[in-house]
Amino acid sequence: MSAVNPPPQQDAAARLTGLVRALRGHGLRIGPAETVDAAAVLDVLGFADREQMRAGLAAALLRSDGQRAVFDATFDLFFPLGVGTPEAARHVEPQDDAPRFGRPDPVRDELRERIADALAADDRAALAALAGEAVEAFGRYGSGSTPGSDGWSAHQALGRLSPETLLARVLAALREQNGTRDVSDLVLADEIRRRIRDFRALVAGEARRRVAELRGVERIAERAVAPTADRIDFLAAGRDQLAELRRTVHPLARKLATRLAARRRRAARGQIDLRRTLRRSLSTGGVPLRPAYRLRRPARPELVLLCDVSGSVAGFADFTMLLVQAMSEQLGKVRVFAFVNRTAEVTDLLARGGTDPARLATRILTDAEVMGHHGNSDYGSALGGFAERHLDSVGPRTCVLVLGDARTNHRDPNLDALRRIAGRARRVYWLNPEQPALWPTGDSAALAYAGVVEMHSCRNARRLGELIARLLPV
């Protein structure tokens, strides 16, 4: 059980409000009611058990499991286990000029031995203390002579210790400890990797805590805490982050489908029918208590996606295609076309590939003819091919979404083809994963295309959901 020294009541309130403010800055919707509930949690649980306090505040403030990683990192900054240098690390000599890994280094080797023992025993308290020692010994950078030039680096400390190389040693220790080989080595290895990942997270949290003491908690909470999956830039997302994004597809699709259905119900009511309303009011003395409406029967919108699936924006197109596929029940007809420099319809491929969404872009590149003699994006050729061979898929009820960064590799953007598509469709919107400041740079034709159709910056899943909910017709 880990405890936090109870701060004064005024300081505790400031820490809680600072935590809430930082979480709001990361896009978490936390209102006054949740904040009051969190204050009540602190009053009831106190500071004797830090993990119990963490769980209580998370229950009061969070609305989904996807927000927990942001909460945990921010909580550790505002309610740290300690301040300054941990007692266990006070007598560790900093190793700023220590030899690199592979050469004799008694301090590092002895610390690695203790880390291996703690990993084998799965001793969380010992690993937390060792994380403090690791940062103290190997994580310090800068001389301190220049203000703001010194700090603590988890990457530097972990690079010197290389805890992932302890896998074989810990695996051997667990085999010896169990005295049997009944347990699969693969299962043991996966468990050890999980413990090593947890230790790396402890080191990162310790370094972040120390930097927060130097630079200020609010500043580090804003800049050093990884955002939630729906706020990660599509173009900057790594493999693990894209996998996390794909797990948010169906919850986001359900939310958007609910919004579209509500808009359709409101649109179906139409305008007030004045004659029927006055006739109906005769039974209530001329007071129109029950307005009558001219009922409409709006048709479900048709949607055409035109997606760049080249390497630079494949993650963005992949996520959007999966999102639209999950929302298809709310749309009249959905057709999906993909391109790199040649356009091909992939509607059936998308429908058949729902069991393995992680490899959607790879399947499209393999099974669909989206590339010609080279593998570079060519928006002009792709738009021209769509206008020549697939323009019959666009009609007066069709909304066309073009997905891509509009980088043409200095080829002809073929604005006439885009004008032909826009002239036939009900609406054409271009969703660009780059920020607007980059549209005039390099080989981008974004500004030229924006002169023909409406272009929106769409850098993350949250923004994508907002745009789809607002732009799609009912």
Side-chain angles (χ1 to χ4, degrees), residues 24-29 222-223 226-238 241-242 244-246 248-249 252-253 255-256 259-260 301 303-324 327 336-340 361 377-380 382-383 399-411 413-415 417-419 421-422 425-473:
R24 286 174 178 167
H26 283 282
L28 277 65
R29 296 180 179 178
E222 176 185 355
R223 300 185 180 185
T228 53
D230 63 343
R231 293 171 66 91
I232 297 172
D233 280 10
F234 287 115
L235 300 185
Q241 292 171 323
L242 286 175
E244 178 64 26
L245 267 177
R246 294 186 187 100
T248 69
V249 163
L252 179 58
K255 183 186 297 184
L256 293 178
R259 291 181 184 176
L260 288 177
L303 184 64
V304 167
L305 286 184
L306 189 54
C307 312
D308 181 2
V309 292
S310 62
S312 59
V313 292
F316 168 53
D318 178 6
F319 181 83
T320 309
M321 285 187 284
L322 291 171
L323 179 63
V324 169
M327 292 176 55
V336 183
F337 298 85
F339 68 89
V340 175
S377 297
D378 186 344
Y379 281 80
L383 291 171
C399 178
V400 179
L401 292 183
V402 185
L403 313 177
D405 59 6
R407 295 201 170 270
T408 63
N409 290 292
H410 301 288
R411 293 182 171 87
N414 200 350
L415 299 180
L418 185 59
R419 291 191 185 98
I421 299 170
R426 179 179 179 180
R427 291 283 189 276
V428 178
Y429 300 109
W430 193 304
L431 305 186
N432 192 327
E434 288 191 338
Q435 54 184 318
L438 297 177
W439 293 357
T441 64
D443 59 348
S444 175
L447 295 182
Y449 288 131
V452 179
V453 299
E454 194 173 323
M455 183 172 290
H456 297 271
S457 177
C458 185
R459 300 174 58 189
N460 53 52
R462 172 168 294 196
R463 175 63 173 163
L464 175 63
E466 292 171 353
L467 286 173
I468 287 181
R470 179 164 61 89
L471 299 179
L472 286 187

N414 vs Y449, test: side chain to side chain donor-acceptor pair (under 3.5 Å). Steps then yes/no.
CA-CA 9 Å; N414 200 350; Y449 288 131; over 6 Å; no
Let me see the working for R459 and F316 under side chain to side chain contact (heavy atoms under 4.5 Å, CB included), right down to the final yes or no.
CA-CA 8 Å; R459 300 174 58 189; F316 168 53; over 6 Å; no
After noting the C-alpha distance and the side-chain angles of F337 and V304, does the key distance pass the side chain to side chain contact (heavy atoms under 4.5 Å, CB included) rule?
CA-CA 8 Å; F337 298 85; V304 167; 3.9 Å; yes
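Contact record, L303 with C399: CD1-O, 3.2 Å, taken as the closest heavy-atom pair. Shown here for V309 and A314, the closest heavy-atom pair between the two residues is O-CB, 3.9 Å. The two atoms that bring L235 and P433 nearest to each other are CD1-O, 3.8 Å, heavy atoms only.
Atom CG in N409 sits 9.5 Å away from atom OH in Y379 (nearest 0.5 Å). Interatomic distance, S377 OG to D405 CG, rounded to the nearest 0.5 Å: 6.5 Å. To the nearest 0.5 Å, atom CZ of residue R231 and atom CG of residue N460 are 7.0 Å apart. How far CZ of F339 is from CG of L383: 6.0 Å, rounded to the nearest 0.5 Å.
Side-chain N or O atoms of R463 include one that pairs as donor or acceptor with a backbone N or O of S457 at under 3.5 Å.
W439 is listed as a side-chain neighbour of N432, based on a closest heavy-atom distance under 4.5 Å. Considering only heavy atoms from C-beta on, T228 comes within 4.5 Å of L28 through its side chain. A 4.5 Å side-chain heavy-atom check between W430 and L403 finds every atom pair outside the cut-off.
Shown here is R24, whose CZ atom has more than 12 heavy atoms of other residues, nucleotides or ligands within 6.0 Å.
T441 and R407 form a side-chain donor-acceptor contact under 3.5 Å, judged by distance and modelled atom types alone.
In terms of the side-chain contact (heavy atoms from CB on, under 4.5 Å) criterion, residue partners of L252 (sequence neighbours excluded) are, by chain and number, L256, F319, L323.
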